[in-house]
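Here is the structure we will look at.
Just so you know, these numbers use all the heavy atoms, side chains as well, and skip hydrogens, waters and symmetry mates. All of these numbers come straight from a predicted model, not from anything done at the bench.
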Amino acid sequence: MTTVGVPAGWPATEEEARAVQDELRGRVVLDEPGPPPGTGRVTGVDVAYDDERDLVAAAAVVLDAATLEVVAEATAVGRVSFPYVPGLLAFREIPTVRAALDALPCPPDLVVCDGYGLAHPRRFGLASHLGVLTGLPTIGVAKNPFTFTHDDPAGARGGSSPLLAGTEEVGRALRTRDGVKPVFVSVGHRVSLDNALAHTLALTPRYRLPETTRRADALCRRALREAVGTRAAGDVRDAPTAS
DNA sequence: GCGACAG
DNA sequence: ATCTTGTCGC
């Protein structure tokens with residue numbers, strides 16, 4: 001199991017983190033359609049936290065895009081690299097997520113993130129940031145509309161409506177299940193919005209959330225439990241004998 | 001100034 | 001994200 005420390009030079013303040021976003025934002029590629037939905041492999045990434053113990057666990061799960069069966073998976077555990085600040089989520093998740101991706105035995109191809117890409121106060125959310133750092137095509141599928149506005153999409157699966165920052169479309173609210181709250185899709189890096197929506201629908205044959213994020217969520221929680229269990233056992237072993 | 005705010 | 005039991009329903 002890979003263990004990750006906070007990378008050298010990682011931003012320590014909100015000001016530094018925002019400056020990094022402003023600098024890297026220009027490297028996002030928006031004029032590529034990305035891989036065709038339903039073909040090749042699609043990787044989901046997610047992270048679970050134990051702030052008390054300063055632990056983060058990340059998982060990367062590779063699915064066959066046609067069958068949605070698991071092809072490969074990897075996890076990594078690390079130290080919390082940044083506090084949760086709306087708009088700066090990437091600085092909290094990326095080091096451990098990258099370690100998990102690096103630990104995969106095969107190329108990640110398209111990466112589906114649990115959060116946003118372009119739909120971000122500075123148009124550089126987690127999915128875009130991860131895409132720029134890895135060079136991989138990425139999209140973001142979030143569970144909440146963040147600060148953005150949208151009309152309620154048509155009630156049937158496939159219904160969508162623009163996700164708006166003022167009048168600018170930064171993503172789409174997409175209904176993945178009939179009559180169920182939509183998910184919020186935005187482009188990360190090297191994928192078009194229409195393609196991101198098609199991928200999201202291809203990954204939701206049964207549940208609201210993409211199979212990629214469901215699998216990654218389950219795996220990173222398990223990895224965190226195991227890491228905590230290991231640490232707790234060590235603490236007990238190393239602790240002074242109680243009276 | 002206050003409240004909201006991906007995970 | 002995380003704290004948390006049972007419960008209603010397909």
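Counting only Watson-Crick and G-U wobble pairs whose two distances sit under 3.5 Å, DNA chain C takes part in no stem of three or more pairs.
Between A/Arg98 and A/Asp102 no salt bridge is recorded (no basic side-chain N to carboxylate O distance below 4.0 Å). Under 4.0 Å is where a charged nitrogen must lie from a carboxylate oxygen, and between A/Asp51 and A/Arg92 at least one such pair does. With respect to A/Asp114 and A/Lys143, a salt bridge is recorded, a charged nitrogen being found less than 4.0 Å from a carboxylate O. Using a cut-off of 4.0 Å between Lys/Arg side-chain N and Asp/Glu carboxylate O, A/Arg225 and A/Asp50 are scored as not salt-bridged. Note on A/Asp178 versus A/Arg157: no salt bridge recorded, every NZ/NE/NH1/NH2 to OD/OE distance being 4.0 Å or above.
In the 5' to 3' direction, nucleotides of DNA chain C lying under 4.0 Å from heavy atoms of chain A begin and end at C/dA1 to C/dT2.
The local environment of CG in A/Asp151 is sparse, with at most 12 non-hydrogen atoms from other residues, nucleotides or ligands closer than 6.0 Å.
Taking the ring axis of A/Tyr116 as reference, the NZ or CZ atom of A/Arg123 does not stay both within 45° of it and closer than 6.0 Å to the ring centre.
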Seminar exercise, completed: Readout for nucleotides 2-7 of chain B: B = base within 4.0 Å of protein heavy atom, S = sugar-phosphate only, - = neither; 5' to 3' it is ---BBB

Output side-chain donor-acceptor pairs under 3.5 Å for residues 179-189 of chain A, partner residues at least two apart or in another chain, one line each.
unit_1, atom_1, unit_2, atom_2, d
A/Lys181, NZ, A/Asn144, OD1, 3.2
A/Ser186, OG, A/Gly117, N, 2.8
A/His189, ND1, A/Val29, N, 3.0

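The two atoms that bring A/His120 and A/Gly87 nearest to each other are NE2-O, 2.7 Å, heavy atoms only.
Residue pairs meeting the side-chain hydrogen bond (donor to acceptor under 3.5 Å, both in side chains) criterion with at least one partner in residues 82-91 of chain A, sequence neighbours excluded, do not occur; the list is empty.
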For this session: Under 3.5 Å for both distances, Watson-Crick or G-U wobble, that's the pair rule; now give the dot-bracket for DNA chain B, with | marking pairs to another strand and [ ] for crossing ones.
Result: .......

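At least one donor-acceptor pair under 3.5 Å links the side chain of A/Thr134 to the backbone N or O of A/Leu130. In this structure a side-chain-to-backbone donor-acceptor pair under 3.5 Å is missing from A/Arg18 to A/Arg122.
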